[in-house]
Peer 1: 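Got a structure for you, questions after.
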Amino acid sequence: MELASKYDPKEVESKWYEYWLDHKLFSSKPDNREPYTIVIPPPNVTGVLHMGHMLNNTIQDILVRRARMEGKNACWVPGTDHASIATEAKVVGKLAEQGIKKTDLTREQFLEHAWDWTREHGGIILKQLRKLGCSCDWDRTAFTMDETRSKGVIKVFVDLYRKGYIYRGVRMVNWDPKAQTALSDEEVVYKDEHSKLYYLKYYVAPEDQASIERKDEGNVMHKDEKGYYAVVATTRPETIMGDSAMCINPEDVKNTWLKGKHVIVPLVNRVIPVIEDGYVDIQFGTGCLKVTPAHDVNDHMLGLKHHLETIDIFNDDGTISEAAGLYVGQDRMDVRKQIAKDLTSAGLMEKIEDYDNKVGFSERTNVPIEPKLSTQWFLKMQHFADIALPPVMDDDIEFYPKKYKNTYRHWLENIKDWCISRQLWWGHRIPAYYFRTADGKRDFVVAETAEEALKLAQEKNASLTAADLEQESDCLDTWFSSWLWPISVFDGINHPDNAEIKYYYPTSDLVTGPDIIFFWVARMIMAGYEYRGQMPFKHVYFTGIVRDKLGRKMSKSLGNSPDPLKLIEQYGADGVRMGMMLSAPAGNDILFDESLCEQGRNFNNKIWNAFRLVQGWQTDDSLATPEANKQAVAWFTAKMKEVNAIMDDQFKTYRISEALMTVYRLFWDEFSSWYLEMVKPEYGKPIDTATYQATLHFFDDLLKMLHPFMPFITEELWQHLYDRKDGESIMKATLNIAAPNDDDKKLCDEMEQVKQVISGVRTIRNQKNIAPKKALKLQAVAANPYAAYDDIVKKMANVESVETVSDKSADASVFMVGTQEYAVPVGDLIDVKAEIEKQEKELQHLEGFLAGIQKKLANENFIAHAPEAVVARERKKQQDSEEKIAALKESLSHLKAK
RNA sequence: GUCGGCAUAGCUCAGUUGGUUAGAGUAUCACCUUGACAUGGUGGGGGUCCUUGGUUCGAAUCCAAGUGUCGACACCA
């Protein structure tokens, strides 16, 4: 068959993906083989593939394919996440485009729209993963909100409630005014902001003005024509409507004159007390703090302690509420600007300063978070922290890289209760049911179904009917379903003893980003131990963040994120996969550069052309195998063993990029540049059968070693290499390469020396500008330790003869391999001056080297303390360099005599 | 502010318990359009291993301090 000189991935890729699907090669069923399981970190159901997914899923596919070829029963479970906030926001946005407000719809109507949206956009990302070559068992595709998973989530909620870990209560939570829901602490990201610090005048109340007096020399008292006033510094002047006290530190000498007084909230004209609490930082601002219990965590605490009124001045959407009395209905951000102006014109603004602080933003909607008091559901976390910390610290679950153990420990040691309720509709509705008790009080029960709930409620009020029960409207945090993922994909929550969960759990490797170590990884570990009594995975491989080559995060606004599908189009999936992996050590950010995909594509082409070469060879059974070919085959056999062992180790330690580089060099340098050139027959001439067969065998093994990284081209060539039956695939092939022994090592070392001889001749050729076609003579001075390989040297260096001489030719240019001197007669081209220069430079280097060794060996302490082997090595080095120096000196004296 | 990571060739990184005057890929330069491949071949150049001090016979490697950088967490309104 005629193959094009350039590899074209397009049709090859779709052809083989279809083939793999048709033959169910990704599918896994429990059997008696060792299982290898990965669950995909489920992407957002309506998301599209970005570079982070490309990296993450490439790594997973490499691991899965490798495990499959190791003979394990590999199972990669795909699926998607309902992504409560993100998806609901998208649906709300889409409805808004059609002029529909969420508030105009019933819950059922809204969910109808949401499911439509999910059906329309859901799974696009999974289709995209197929383009990348991902070998997921698609029949197992799960969704966090499908029936099985939903049932499991509810079951877990009820279970945890009954165990006493879930409670409901009024707490200060992180409120997202855009999504209009509470968030967990993890969903708040703090960002540096350049903001302003406003200094506001709080006049002392009229009835207290007369009694103002200096209590301490250090008092800082403010007075103008309207009387005495205090100055409060705040970054949030719009919250003054919620002030219910002013607080000073009792130890603060600046403010003792304010003790026991009352002040007037500017503009609002409400009188509030001055309270004292050690919480206030004397150094900050004026030492006067406005207390807004409804809108700040610390103020809330002060409010509880000092029994202050709580005035909630915000509506759920971040506009000002009726309770504020001023600016009602306006947005908080607009009010901040407006109130600053109004305060200034009313003479109530002392000054405004620039100020840098950190502001919490919603991770999903990117709006500033509002601390808000509300009734929410929480999960007590201490128990879960207690079960999740030891296995990671003890390396039962291993993190790659290890540094994330610290991050993990820090979080678990400072764990706070998890706010699990969300004021959203798209998600798992909390299975709590409200009703009135016989004496009219509001109460609730928690149960998996409405029927069960009714039974429980009836125990408290026998007269209740189904219609009297009202289910909680909140739904659960998305991560409350994700944390069950490794169990729930095998239906292990609903049916804890089913054959699948018993076989596939615990999973083997988890590949994910460190940004969700708390959101997801830690919580899966918690759920794993709580519900299986066992770790959810044995190894966690943390990928880095994909950045552009300037080190910037990829983002839509910067426009520096390439479209993954376009990249695949351009370089082929194998090329892009390789581009991702070439620079992706675990945990390090990867600086993505398209030129890496180009390198990947070039490698594809190299493999392709190596195949074309071998495929084009004609064999002749009557040909005896030349000695040189026997040597080449023996050497490469040993080399394969050596490199395969290295790769094994790299995979075991999750050094996947290094493993790729290892096989890259094996194929390109050792196989293509050395081995194939050694055995390549002259143009138009046949090759002996034994060498040909050995070469095909090498190729077969090399393709297998490459397959996890580049599944498509390897399948294509593997199918061409021998006659394969329908249904056969490289995917199912196993790699059986023995470990290298001492003979193999010796053989490899020897060939390295021979390569140096060849390189030596080539260097002279280059230096003297001698055409590759012109045959040269090679002289081994005094001895030829690698005489057995002369044929290989002749072929590779285009040398017509290798002679052992006692005196080299006068017109020879020389080089050394180890302690052995070689000479290449170059006739007229000899430049004695240049030759002297070259050799003197070499001599200088060697003498420096020797001096260092001699110094070491002259050091009695070294001889006394260093291990014998090290001393012996130094002695050998000394001897070798002395020999080399002697040879060089002699050579130089001959040259100079001319 | 607390804790942690990192600093090696122009760039991206290896360097496995301390022991050759430190390696790879890529970029770069020179030569080569030979018959698998110019998406290629051959060869070359390129490093004060961040700084300073210490431990040691011996330090890129261990320790301390400093500088730079990245990250996690916590924050003063």
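Throughout, a chain's letter reflects where its sequence line sits, starting with A, and its residues are numbered from 1.
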Peer 1: Give a yes or no on whether A/Q283 atom CD has more than 12 heavy-atom contacts from other residues, nucleotides or ligands under 6.0 Å away.
Peer 2: no

Peer 1: In whole Å, what is the span from the CD atom of A/E353 to the P atom of B/rA77?
Peer 2: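 So the CD-P distance, A/E353 to B/rA77, works out to 14 Å.
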
Peer 1: Which is true for A/Q599 with a 4.0 Å heavy-atom rule: it touches a base, it touches only sugar-phosphate, or it touches nothing?
Peer 2: sugar-phosphate

Peer 1: When you measure from the side chain of A/R601, which nucleotide among B/rU21, B/rA36, B/rU39 comes out closest?
Peer 2: B/rU39

Peer 1: Can you tell which of B/rU16, B/rA77, B/rC31 lies closest to the side chain of A/N769?
Peer 2: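 So the side chain of A/N769 is nearest to B/rC31.
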
Peer 1: Look at all strands and tell whether A/R873 reaches a base, only sugar-phosphate, or nothing, counting heavy atoms closer than 4.0 Å.
Peer 2: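 Result for A/R873 = sugar-phosphate.
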
Peer 1: To the nearest angstrom, how far is A/K838 atom NZ from B/rG44 atom C1'?
Peer 2: 13 Å

Peer 1: Looking at A/K841, does any N or O in its side chain come under 4.0 Å of the phosphate oxygens OP1/OP2 on B/rG44?
Peer 2: no

Peer 1: Any luck finding a side-chain donor-acceptor pair between A/Q650 and A/T662 under 3.5 Å?
Peer 2: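 Yes - a donor-acceptor pair under 3.5 Å links their side chains.
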
Peer 1: Take a 6.0 Å sphere around NZ of A/K402 and say whether it holds more than 12 heavy atoms from other residues, nucleotides or ligands.
Peer 2: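 Counting neighbours around NZ of A/K402, more than 12 heavy atoms of other residues, nucleotides or ligands fall under 6.0 Å, so yes.
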
Peer 1: Any salt bridge linking A/D880 with A/K884? Criterion: basic side-chain nitrogen under 4.0 Å from a carboxylate oxygen.
Peer 2: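 The answer is no: the pair does not qualify as a salt bridge.
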
Peer 1: If you only use heavy atoms from C-beta on, which nucleotide in B/rG43, B/rC57, B/rG35 is closest to the side chain of A/Y683?
Peer 2: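 Nearest listed nucleotide: B/rG35.
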
Peer 1: State, with a plain yes or no, whether a side-chain heavy atom of A/F399 is found less than 4.5 Å away from one of A/I517.
Peer 2: yes

Peer 1: From C-beta outward on A/N406, which listed nucleotide comes closest to its side chain: B/rC37, B/rG19, B/rG4?
Peer 2: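 Closest nucleotide among those given: B/rG4.
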
Peer 1: Quick one: A/D589 CG to B/rC11 C1', roughly how many Å, whole number?
Peer 2: 16 Å

Peer 1: So which nucleotide from B/rU21, B/rG15, B/rA36 ends up closest to the side chain of A/F849?
Peer 2: B/rU21

Peer 1: By nearest nucleotide on RNA chain B, pick out whichever of A/G852 and A/I282 is the more 5' one.
Peer 2: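 Result: A/G852.
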
Peer 1: Is there a donor in the side chain of A/R601 and an acceptor in the side chain of A/N604, or the other way round, less than 3.5 Å apart?
Peer 2: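 No, A/N604 and A/R601 have no side-chain donor paired with an acceptor closer than 3.5 Å.
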
Peer 1: Identify whether any heavy atom of A/S595 sits under 4.0 Å from a base atom; if not, whether one sits that close to sugar-phosphate; answer base, sugar-phosphate or nothing.
Peer 2: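 The answer is nothing, as A/S595 stays clear of every strand by at least 4.0 Å.
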
Peer 1: Any base atoms under 4.0 Å from A/Y664, or only sugar-phosphate, or nothing? Heavy atoms, all strands.
Peer 2: sugar-phosphate

Peer 1: Among B/rG25, B/rC73, B/rA77, which is the nearest nucleotide to the side chain of A/H410?
Peer 2: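 Nucleotide nearest to A/H410's side chain: B/rC73.
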
Peer 1: Rounded off to whole Å, could you give me the CD-to-P distance for the A/Q854 and B/rU21 pair?
Peer 2: 13 Å

Peer 1: Think A/S759 has a side-chain N or O under 4.0 angstrom from the OP1 or OP2 of B/rG43?
Peer 2: yes

Peer 1: Can you confirm whether or not the ring centre of A/F542 sits under 6.0 Å from the ring centre of A/Y404?
Peer 2: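 Ring-ring flag for A/F542/A/Y404: true, centres closer than 6.0 Å.
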
Peer 1: Round to the nearest Å and state the distance from A/N602 atom CG to B/rG40 atom C1'.
Peer 2: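 Value for this atom pair: 9 Å.
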
Peer 1: So what's B/rG35 paired with, Watson-Crick or G-U wobble, going by both distances under 3.5 Å?
Peer 2: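 Checking every strand shown, B/rG35 finds no partner, since no pair has both distances under 3.5 Å.
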
Peer 1: Quantified in whole Å, what is the P atom distance between nucleotide B/rC6 and nucleotide B/rG15?
Peer 2: 11 Å

Peer 1: For B/rA64, give its Watson-Crick or G-U wobble partner with both distances under 3.5 Å, or none.
Peer 2: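 For B/rA64, the partner nucleotide comes out as B/rU52, under the 3.5 Å rule.
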
Peer 1: What's the closest nucleotide to the side chain of A/K358 if the choices are B/rA24, B/rC73, B/rA77?
Peer 2: B/rC73

Peer 1: Side-chain N or O of A/N609 less than 4.0 angstrom from OP1 or OP2 on B/rG40?
Peer 2: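 No, no such contact exists.
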
Peer 1: At under 4.0 Å between heavy atoms, what does A/L289 touch on the DNA or RNA strands: base, sugar-phosphate, or nothing?
Peer 2: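 Base contact.
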
Peer 1: I'd like the P distance from B/rG54 over to B/rG47, given in whole Å.
Peer 2: 28 Å

Peer 1: What's the closest nucleotide to the A/A610 side chain, out of B/rA24, B/rA77, B/rA36?
Peer 2: B/rA36

Peer 1: Within the structure shown, what part of the strands sits under 4.0 Å from A/V280 by heavy-atom distance: base, sugar-phosphate, or nothing?
Peer 2: base

Peer 1: Under 3.5 Å, is there a donor-acceptor pair between the A/S759 and A/Q756 side chains?
Peer 2: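 Per modelled atom types, A/S759 and A/Q756 side chains form no pair under 3.5 Å.
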
Peer 1: Taking OH from A/Y404 and P from B/rA72, how many angstroms apart are they, rounded to a whole number?
Peer 2: 9 Å

Peer 1: Under 4.0 Å from OP1 or OP2 of B/rA36: is there any side-chain N or O of A/K680 that close?
Peer 2: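 So the side-chain polar atoms of A/K680 do come within 4.0 Å of the phosphate oxygens OP1 or OP2 of B/rA36, strictly under.
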
Peer 1: With a 3.5 angstrom cut-off on both distances, give the Watson-Crick or G-U wobble partner of B/rA59, or none if there isn't one.
Peer 2: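 Pairing partner, where one exists within any strand: none, as none qualifies.
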
Peer 1: To the nearest angstrom, how far is A/F284 atom CZ from B/rA77 atom C1'?
Peer 2: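 Distance check: A/F284 CZ to B/rA77 C1' gives 6 Å.
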
Peer 1: Return the pairing partner of B/rU69 with a 3.5 Å limit on both distances, Watson-Crick or G-U wobble; otherwise return none.
Peer 2: B/rG5

Peer 1: Now, which nucleotide makes the Watson-Crick or G-U wobble pair with B/rG25, with each of the two distances under 3.5 Å?
Peer 2: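 Check on B/rG25: paired to B/rC11, both distances under 3.5 Å.
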
Peer 1: Quick one: which of B/rU42, B/rA77, B/rA36 gets closest to the side chain of A/R762?
Peer 2: B/rU42

Peer 1: Rounding to the closest angstrom, what is the interatomic distance between B/rC62 and B/rU17 at atom P?
Peer 2: 10 Å

Peer 1: Does A/E353 have more than 12 heavy atoms from other residues, nucleotides or ligands lying within 6.0 Å of its CD?
Peer 2: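 Atom CD in A/E353 is crowded, with more than 12 foreign heavy atoms closer than 6.0 Å.
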
Peer 1: Could you work out the separation of B/rC63 and B/rG18 based on their P atoms and round it to a whole Å?
Peer 2: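 Comparing P positions in B/rC63 and B/rG18 gives a spacing of 11 Å.
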
Peer 1: A/D281 near the nucleic acid: base, sugar-phosphate alone, or nothing, with a heavy-atom cut-off under 4.0 Å?
Peer 2: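 Base contact.
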
Peer 1: If you compare all heavy atoms of A/N798 against all heavy atoms of A/R765, which two are closest, and at what distance to 0.1 Å?
Peer 2: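 Smallest heavy-atom distance, with atoms named: O-NH2, 3.0 Å.
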
Peer 1: Can you tell which of B/rU21, B/rA74, B/rC57 lies closest to the side chain of A/H865?
Peer 2: B/rC57

Peer 1: Does the side chain of A/T763 get closer than 4.0 angstrom to OP1 or OP2 of B/rG44 through an N or O atom?
Peer 2: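 True: A/T763 side-chain N/O within range (under 4.0 Å) of B/rG44 OP1/OP2.
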
Peer 1: Between B/rU61 and B/rG43, how far apart are the C1' atoms? Round to whole Å, please.
Peer 2: 33 Å

Peer 1: Can you find a side chain N or O atom of A/Y408 that sits less than 4.0 Å from OP1 or OP2 on B/rC3?
Peer 2: no

Peer 1: Distance between the P atoms of B/rC32 and B/rC11, in whole angstroms?
Peer 2: 31 Å

Peer 1: Is there, by distance only and without an angle test, a donor paired with an acceptor across the side chain of A/E677 and the base of B/rA36 below 3.5 Å?
Peer 2: yes

Peer 1: Does B/rU42 have a Watson-Crick or wobble mate here (both distances under 3.5 Å), and if so which one?
Peer 2: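 WC or wobble partner is B/rA30.
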
Peer 1: Would you kindly give the CD-to-P distance between A/Q767 and B/rG44, to the nearest whole Å?
Peer 2: 8 Å

Peer 1: Measuring to OP1 and OP2 of B/rU26, would you say a side-chain N or O of A/W668 lies under 4.0 angstrom away?
Peer 2: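 No, no such contact exists.
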
Peer 1: Would you say A/S673 reaches B/rU42's phosphate, i.e. side-chain N/O to OP1/OP2 under 4.0 Å?
Peer 2: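 So the side-chain polar atoms of A/S673 do come within 4.0 Å of the phosphate oxygens OP1 or OP2 of B/rU42, strictly under.
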
Peer 1: Taking the nucleotide of RNA chain B with the nearest heavy atom to each, does A/Y355 or A/K416 sit closer to the 5' end?
Peer 2: A/K416

Peer 1: Pairing check on B/rA74: which nucleotide meets the Watson-Crick or G-U wobble criteria with it, both distances under 3.5 Å?
Peer 2: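 Base partner found: none.
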
Peer 1: Using the C1' atom as the point on both nucleotides, what is the distance between B/rA36 and B/rG41, in whole Å?
Peer 2: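 Their C1' atoms lie roughly 12 Å apart.
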
Peer 1: Would you mind classifying the nucleic acid contact of A/N604 as base, sugar-phosphate or nothing, using non-hydrogen atoms under 4.0 angstrom?
Peer 2: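 Nothing: the residue A/N604, judged by heavy atoms under 4.0 Å, touches no strand.
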
Peer 1: When the C1' atoms of B/rU12 and B/rU55 are considered, how many whole Å apart are they?
Peer 2: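 34 Å, rounded to whole Å.
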
